[in-house]
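Have a look at the structure below, then the notes.
In this text, all values refer to a predicted model and were calculated from it rather than measured experimentally.
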Amino acid sequence: MPRTPMQGLGFLIGFFIALWLSPFGAKADSFADLEAALHRGVNQVRGERHLIPLERRPELDAVARAHSLDMVNRHFFDHRNPEGEVAPDRLIRARVSGFSLAAENLGITDRPDPNREILYGWIQSEVHRKNLFAPVFNATGIGIARAPNGSLVYTQVYVTYPR
């Protein structure tokens, strides 16, 4: 316990440096490379089926990332958050407009090659596969967050914008 103002100041500076260097101070951007790689993988498998590539949009990434972080922070894993909101509700709340259709895929993994695990799982799951390969979707957002147990929580939002 600090006994003088200088000790208190030293403690606070040290505390903030430790927090900044800790994994708890990590920014959501720390998964940008993994998110970008998943986007490439999704477009590759869509291309193999002669589907248009999904355009990745920052506003959709923000919604997907916020949902992954929300699930991690509030300890749930569901398309519906505790307030009952689903993907279209979250898009509207984030002031994303102009879309006519929206869906999302979720995934969680602790495997060494997480994108491979998630994408393979989505391809194997009928309901996830429908979203992944729906010809009507033309835009996407991807967000990943790390759970306290080290698992990665994925959200991919799929959106149709009129052409």
Side-chain angles (χ1 to χ4, degrees), residues 23-111 113-163:
F24 301 109
K27 297 178 182 171
D29 295 353
S30 61
F31 297 109
D33 291 342
L34 209 52
E35 292 165 352
L38 181 65
H39 179 239
R40 288 189 301 273
V42 164
N43 278 339
Q44 179 181 342
V45 297
R46 283 178 61 90
E48 291 166 3
R49 287 158 180 81
H50 308 287
L51 298 167
I52 64 166
L54 299 175
E55 176 190 353
R56 191 162 172 217
R57 293 192 175 190
E59 68 274 16
L60 300 179
D61 283 348
V63 172
R65 196 171 291 124
H67 187 56
S68 289
L69 287 168
D70 188 33
M71 288 188 289
V72 164
N73 291 333
R74 297 202 290 168
H75 310 289
F76 73 95
F77 185 75
D78 201 321
H79 294 284
R80 188 174 299 278
N81 70 13
E83 291 75 36
E85 294 177 327
V86 292
D89 301 319
R90 289 188 287 276
L91 289 163
I92 291 166
R93 185 169 35 89
R95 297 197 168 122
V96 175
S97 61
F99 66 92
S100 59
L101 187 63
E104 73 183 359
N105 280 350
L106 304 179
I108 188 167
T109 185
D110 60 359
R111 301 293 174 113
D113 188 354
N115 281 354
R116 184 175 191 273
E117 177 78 13
I118 292 296
L119 189 53
Y120 180 77
W122 287 346
I123 292 169
Q124 298 306 307
S125 162
E126 183 180 344
V127 66
H128 292 93
R129 190 173 51 245
K130 283 181 182 179
N131 289 337
L132 184 63
F133 298 136
V136 297
F137 293 130
N138 56 18
T140 192
I142 299 169
I144 302 171
R146 186 177 304 280
N149 69 0
S151 297
L152 297 178
V153 177
Y154 283 66
T155 301
Q156 182 170 18
V157 177
Y158 303 88
V159 172
T160 301
Y161 286 106
R163 296 177 195 178

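The CD1 atom of Ile123 sits 11.5 Å away from atom CD1 of Ile118, with the distance rounded to the nearest 0.5 Å. To the nearest 0.5 angstrom, Glu35 atom CD is 5.5 Å from Arg56 atom CZ.
At least one donor-acceptor pair closer than 3.5 Å links the side chain of Asp89 to the backbone N or O of Val86. A donor-acceptor pair is defined here as one N or O able to donate and one able to accept, closer than 3.5 Å; no such pair exists between the side chain of Trp122 and the backbone of Glu117. Between the side chain of His39 and the backbone N or O of Leu54, at least one donor-acceptor pair lies under 3.5 Å. The closest donor-acceptor contact from the side chain of His67 to the backbone of Asp78 lies under 3.5 Å.
Across Arg90 and Asn81, no two heavy atoms sit closer than the pair NH1-N, 4.1 Å.
Side-chain contact between Glu48 and Val45: present, with at least one pair of heavy atoms (C-beta onward) separated by less than 4.5 Å. Put simply, the side chain of Leu152 reaches to within 4.5 Å of the side chain of Phe31, judged on heavy atoms. Side-chain atoms of Leu34 and Tyr154, non-hydrogen and from C-beta on, do get closer than 4.5 Å to each other. At a threshold of 4.5 Å between non-hydrogen side-chain atoms, the residues Ile108 and Met71 do not count as touching.
Every residue two or more places apart in sequence or in another chain that forms a salt bridge (charged side-chain N to carboxylate O under 4.0 Å, His left out) with Arg74 is listed here: Asp70, Glu83. Annotation: side-chain contact (heavy atoms from CB on, under 4.5 Å) contacts of Ala37 (sequence neighbours excluded): Arg40, Asn115. For Arg46, there are no side chain to side chain donor-acceptor pair (under 3.5 Å) partners two or more places apart in sequence or in a different chain. Contacts of Asp113 classified as side-chain contact (heavy atoms from CB on, under 4.5 Å), with partners at least two apart in sequence or in another chain: Arg116. Listed by chain and number, the residues in a side chain to side chain donor-acceptor pair (under 3.5 Å) with Thr109 amount to none (sequence neighbours excluded). A search for side-chain contact (heavy atoms from CB on, under 4.5 Å) contacts involving Gln124 returns Tyr120, not counting sequence neighbours. The side chain to side chain donor-acceptor pair (under 3.5 Å) search around Arg93 returns Glu85, not counting sequence neighbours.
Tyr158 and Asn105 share a side-chain donor-acceptor pair at under 3.5 Å. For the 3.5 Å distance criterion, the side chains of Ser100 and Thr160 fail to qualify, holding no donor opposite an acceptor.
Evaluation of the salt bridge (charged side-chain N to carboxylate O under 4.0 Å, His left out) test over residues 151-163, restricted to residues two or more places apart or in two chains, returns none.
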For Glu104 and Asn131, what are the C-alpha separation, side-chain angles and deciding distance, and is it a side-chain contact (heavy atoms from CB on, under 4.5 Å)? CA-CA 7 Å; Glu104 73 183 359; Asn131 289 337; 5.9 Å; no
Let me have the donor-acceptor pairs involving side chains of residues 133-150, under 3.5 Å, with sequence neighbours excluded, atom names and distances please.
from, atom 1, to, atom 2, distance (Å)
Asn138, OD1, Tyr161, N, 3.0
Asn138, ND2, Tyr161, O, 2.8
Thr140, OG1, Gln156, NE2, 2.8
Thr140, OG1, Val157, O, 2.7
Arg146, NH1, Gly150, O, 3.0
Asn149, OD1, Ser151, N, 2.9
Asn149, OD1, Ser151, OG, 3.0

